[in-house]
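This report refers to the structure that appears directly beneath it.
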Amino acid sequence: MHRHDSSTEVLTQAVVRYAVDRVRLDPAPLDGPRALGELRAMAGRTVTPAGIGGLEALRIFGDVLAPACISVDHPRFLSFVPAAPTEASILFDLVVGASSIYAGSWLEGGGAVFAENEALRWIADLAGLPAQAGGVFVSGGTAGNLSALIAARWNWRHEAGGVHDRTRGLIVASQGSHSSVKQAARAMDADVVLVPADRSGRMHGSAIDDVVEAMAEEDRERIFAIVATSGTTNAGVIDDLAGTADACLRLGVWFHVDGAYGGAALAAPSVRGRFDGIERADSFIVDPHKWLFAPFDSCALLYRNPRIAKAAHTQHAEYLDVLQQDEQEWNASDYAHHLSRRARGLPLWFSLATYGTDAYEAAVERTLEVAHEGAQLIRESDHLELVVEPELSIAVFRRTGWTPAQYQAWSDDQLRTQQSFVVPTSWNGETVLRYCVVNPRTTVDDLAEIFASLR
Ligand SMILES: *Cc1c(COP(=O)(O)O)cnc(C)c1O
């Protein structure tokens, strides 16, 4: 099992061939889910005492299992937040897997962590964070938000010098904030107070003030962080970041910006101004697996002052303390809620190094253009109406006169006929449609055909 011989050589060729062929499919089939019973019957028993052999397992994966997974990188996958990893990033993910790197500590994975930090630095510079900013790549926005908020609470309690050690903390977040913020609060046994957004879905500093002023004094003292979203997942709306930063300053609390989806648009000069205030964040996340063209799973988590995060997250144990001897050494594990970690920032690093940051700027701009041209088609149509103008690359729109059942039936039919993957969402209680463009290969013609099918 751990030796290379002629049969593993055949398997090597087959697996590498499969991976390379998949990367080059243009486009990959959209595919779609199958029922459990159907998969069971088609795949048969795969885990057996004697093994079925790698070639047979690969065949079952390629013929049965992979087609039961929707290709997130398909140009007409416009639901949720799709992905569009570059060829270089995917190929390098294979290298990361092959390299057996433990990327939790500098001692074991310093070379990988160094490169990951180069990629983090690019993001920190886009956001305008100071030179000492730093962080780590975690699995996704959910893990990033949780880790940032743990650091925020640690800081709040630390600064209070023991007074709040047993106080239940409170997070203030925008109405459009992602479900993972509430989930982090549940995990931390903290409360969340949502700030009402304006009609377009944006949180303003003045609305934060109103909410905080209405609170009882003892609740106000429980606030340890305010979370603004730079690109809500449902509508792509950027909260008023400068106003939120001001509110944080007045209250003396941590400013966290969740840019899991939208943070990538920092790379696009045409919309960079909408992020003003982000440079004042205490922590910030963006998912390269969403709109920065890297494979799953990857969230860049950055702190203005990484020492706080380190104090909050470092695990101590007899066998680990050997790692904590040199201040210069960046132990990536110390900056989030994790210990062992894959060097999951390397595919982004390799892709950035390969193509250059200008290519990233152009690719993000391209998706913004397509999203906005799609909105123009909606404006010009007589069967569709824009519900939320795209600020970034998400648009929310309605098909006039349709019921929720009609939306669902249309969406199911689109996937069944392999035309597109666009699921309904809701806006102020109304069932509507939404598209999210993060794939530079998505064209205005793709959108036009989808719109035509809604007649
Ligand atoms: C997607 C998203 C998350 C969660 O990210 P995962 O990588 O899915 O865990 C958090 N916040 C926002 C704004 C998102 O769009």
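One-based numbering, in listed order, for ligands and for the atoms of each. Numbering starts at 1 and runs along the sequence shown.
Residue Ser180 has no nitrogen or oxygen atom sitting less than 3.5 Å from a nitrogen or oxygen atom of ligand 1, judged on distance alone.
Each of Glu373, Glu389, Glu385 was compared with Arg379 under the salt bridge (Lys or Arg N to Asp or Glu O under 4.0 Å) criterion, and only Glu389 meets it. Considering Leu447, Leu454, Leu78 as possible partners of Val422, the one that fulfils the side chain to side chain contact (heavy atoms under 4.5 Å, CB included) test is Leu78.
Below 4.0 Å from some heavy atom of Ala260 lie the following atoms of ligand 1, by number and element: 2 (C), 3 (C), 10 (C), 11 (N), 12 (C), 14 (C). Near Thr233, the atoms of ligand 1 lying under 4.0 angstrom from a non-hydrogen atom of the residue are 12 (C), 13 (C), 14 (C), 15 (O). Residue-ligand proximity, His289 to ligand 1, at heavy-atom distances under 4.0 Å covers atoms 7 (O). Every atom of ligand 1 is numbered from 1 in the order shown, and the set under 4.0 Å from a heavy atom of Tyr261 is 15 (O).
A perpendicular orientation is assigned to the rings of Phe397 and Phe451, their planes being inclined by more than 60° (bins at 30° and 60°).
Nearest protein neighbour of atom 14 (C) of ligand 1, counting heavy atoms only, is Lys290 NZ, 2.9 Å. At the top of the distance list for atom 11 (N) of ligand 1, counting protein heavy atoms only, stands Asp258 OD2, 2.6 Å. For atom 4 (C) of ligand 1, the closest heavy atom belonging to the protein is His178 CE1, 3.4 Å. Nearest non-hydrogen protein atom to atom 6 (P) of ligand 1 is Gly141 N, 3.2 Å.
Phe284 and Tyr303 have their aromatic ring centers separated by at least 6.0 angstrom. Here Phe114 and Trp106 keep their ring centres 6.0 angstrom or further from each other.
Of all the heavy atoms of Thr142, the ones lying under 4.0 Å from any atom of ligand 1 are found in both the backbone and the side chain.
Between the side chains of Gln419 and Ser453, no donor N or O sits under 3.5 Å from an acceptor N or O.
Remark: Asp189 pairs with Arg168 by the salt bridge (charged side-chain N to carboxylate O under 4.0 Å, His left out) rule, at least two apart or across chains.
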